[in-house]
Amino acid sequence: MRRRSFIATACIACLGAGSGALSALLSSCAPEDVVTGDLEGESIRVSLPLPGPGPAHVVRANGYPETIALVTGSDGEIHALLLRCTHANNPLQKSGDGFSCSLHGSRFDTEGNVIHGPASRPLRQLKTRIEGHAVVIFVGTEPTSSR
Amino acid sequence: MSATPSRLATILTLILIATTCRAVSQDEKTTLGGYGNAVYTRQMESGDASVDLERVVLFIGHTFSRKVSLVSELEMEDAKVTGGEGGGEIAFEQAYIQFTLDAAHRVVAGLFLPRIGILNENHLPASFNGNERTQVETYIIPSTWRELGAGFYGENDVLPVEYSIALVNGLDASAFAHGSVIREGRFEGRNASAEALALTASIAKSSGNARIQVSGYYGGAAGLPPAEVDTLPIHGGAFGTPVALAEADAQITAGRFSLRLLGTLVSIPDAGSINDAFHNNTPRSARGGYFEAAYNLIFPSDAPDANVETANTGNAYAATAKGATAFIRYERLDMNASLPANGVRDGTLDQHHLVAGASYSPLRDIVIKADVRFQWTGAPPGGSGGEQETTFLTLGIGFEY
């Protein structure tokens, strides 16, 4: 009984510590991570500069059924990733330092690499181009590559 | 009997040919996947040991168009199903159509797993620590809990949060069983009564490497034909003889450490009427929670592997990444936290569990697990003595693809 009581007390202490850490983490929530783009034919135009610290921003555009991530690399270059799981084609959500799939739990880092299966292939990268004060993402039928 | 494998091979070949040869639109795509696990369990005090191929699941998905897709998972438990013998089950774990409304909203319809707790949606072997799914998410939240209905999933970009709301069939209180709270009352898509209905909802918020979620369920449990309900001392109707479940959980990753916390409560206010009708010792309430800490023993930076695919190399597959994790989990659950006047308290349902173990992945999608679970419970009804202690050693292997 004493052992059980000790375990229970230790766990309650850990719960308290965890709750404190959690409230601190959640207080830093960043809605500026989501930006709106304009769908123009087979491309989406997103105004620059991107808000917030990044490095990953979620892009949504009226009329386009997919979510895209714009990731600013350490070299300052902007990459676009299609947020569709490469395992079962399910939509991904931004979570932590990357993206996750609620269907089977696959996770990807902000470069699109698989960090947890069952997905095995990196996220599809979409072609981008800087035009003035905007980044243009090509969302037509021919993405540049499976990264 | 020897013809069975060749017959199966012929059928699979025909399916593959049919899949390959049919004209498909540019967006149409069929995907295959699966997972499974086998375990060896030894109860240390009695010396009883067993080994079981717990499950093998085949996932088949199909994208009909950019906005419409099918998700299905066919599961076989315990390797074999034989007429007249106990054990073994073949069942669809999921089978639903998903309609994408826009980038942030989608609707699902069919047999699906509502977003309740941590494991109900995500329960592949490499997704949780230990060979066994948590006791709390087995007996208080009866994962994997799938029902028939329709659900709406969305993301709000302003807060920002993820949310879901679903309407599904309710439960069958006549099937509730002593020692498993509401678990046996699930229909799981099989001849489900639509007399009782249930609403479930969840809201989750992620920030940095933390995610917090709350979810709930409220539904009727008189899943019987109205004529039958009229003869029983329970309330019929969509939300008659209600069951309510509330849950909150958090997952945090910080460097090599990861933490999981979950707490949940089930309330069955009409438990007395259910017991009068079905004599199944249904509790008025049950509750549980757990705390788990894990340490990642092999960080990617510890063992850079030239064969690992990265976004930059564009190679074919990243499955060579190794992994190892040690963990400890404490669970507390009471399946008869409160009882109606006609209930009988069973101390063995008031449980503490301490689980410690480790897992090793020689490849990303293969996991080998070993753990020890200490279980403490109260005494059985009418039993003498106090706390009972039981120890389980479990070894297992799992895969996913």
Side-chain angles (χ1 to χ4, degrees), chain A residues 1 4 7-8 10-12 14-15 18-19 21-22 25-31 33-34 36 58-68 79 81 83 87-91 93-97 100 102-105 109 111-118 120-123 125 141 145-147, chain B residues 26 29 31 33 35 59 61 63 66-67 69 71 98 100-104 106 115 121-122 124 126-127 153 155 157-160 162 205-212 250 252-254 259 261 291 293 300 309-312 314 316-319 321 330 332 352 354 364-365 376 386-387 400-401:
Chain A
M1 188 65 185
R4 200 178 75 180
I7 292 165
C11 285
I12 288 166
C14 290
L15 280 171
S19 303
L22 187 69
L25 282 165
L26 290 179
S27 65
S28 64
C29 190
D33 284 348
V34 182
T36 304
V58 169
V59 177
R60 306 205 203 275
N62 272 339
Y64 186 65
E66 310 279 2
T67 301
I68 294 168
H79 306 280
L81 299 169
L83 294 188
H87 175 243
N89 214 31
N90 205 54
Q93 284 82 41
K94 189 171 185 291
S95 64
D97 296 334
S100 62
S102 62
L103 183 56
H104 294 115
D109 66 18
E111 293 186 345
N113 301 312
V114 179
I115 54 175
H116 191 285
S120 59
R121 287 174 288 117
L123 297 180
Q125 185 179 355
T141 53
S145 63
S146 181
R147 289 197 77 173
Chain B
Q26 195 168 35
K29 185 163 102 176
T31 51
Y35 64 93
F59 164 80
T63 303
R66 209 162 198 174
K67 291 189 171 184
S69 59
V71 172
Q98 179 167 275
T100 300
L101 304 179
D102 58 36
R106 59 198 165 96
R115 187 168 288 167
E121 275 192 320
N122 281 320
L124 272 62
S127 297
Y153 291 75
E155 294 174 60
D157 294 339
V158 177
L159 295 176
E162 294 167 45
K205 185 166 186 164
S206 298
S207 181
N209 286 315
R211 176 186 167 89
I212 187 169
I252 308 165
T253 303
L259 305 174
L261 307 87
F291 170 81
E309 174 195 30
T310 67
N312 295 326
Y317 187 35
Y330 173 72
R332 174 81 173 89
H352 297 251
L354 180 68
R364 175 174 288 146
D365 297 329
W376 297 277
E387 184 177 272
E400 58 190 46
Y401 61 95

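All of these numbers come straight from a predicted model, not from anything done at the bench.
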Fill in: chain A contact via B:Ser127 - which portion, at a heavy-atom distance below 4.5 Å
both
Among [options], which residue forms the greatest number of heavy-atom pairs with chain A at distances under 4.5 Å?
{"options": "B:Thr100, B:Asp102, B:Leu124, B:Leu101", "answer": "B:Leu124"}
{"options": "B:Arg106, B:Glu121, B:Gln98", "answer": "B:Glu121"}
{"options": "B:Glu162, B:Arg332, B:Lys67", "answer": "B:Glu162"}

Worksheet item: Hey, is the main chain of A:Ala88 close enough, under 3.5 Å, to the side chain of B:Thr31 for a donor-acceptor pair?
Response: no
Item to complete: For the pair A:His116 (side chain) and B:Arg364 (backbone), establish whether a donor and an acceptor sit closer than 3.5 Å, ignoring hydrogens and angles.
Response: no
Discussion item. Tell me the closest heavy-atom pair linking B:Glu400 and A:Pro118, and the distance in Å.
Written reply: OE2-N, 3.5 Å
Fill in: pair A:Ser95-B:Arg211: side-chain heavy atoms closer than 4.5 Å
no
Discussion item. Using side-chain heavy atoms (C-beta onward) and a distance below 4.5 Å, is A:Lys94 in contact with B:Glu155?
Written reply: no
Worksheet item: Parallel, tilted or perpendicular: which describes the rings of A:His104 and B:Phe59, with under 30° parallel and over 60° perpendicular?
Response: perpendicular
Fill in: Side chain, backbone, both or neither of A:Leu103 within contact of chain B (heavy atoms, under 4.5 Å)
both
Fill in: By side-chain hydrogen bond (donor to acceptor under 3.5 Å, both in side chains) - contacts of B:Tyr153 (at least two apart)
none
Practice prompt. Mind checking side-chain hydrogen bond (donor to acceptor under 3.5 Å, both in side chains) for A:Asn62 and listing every partner two or more places apart, or none if nothing turns up?
Written response: none
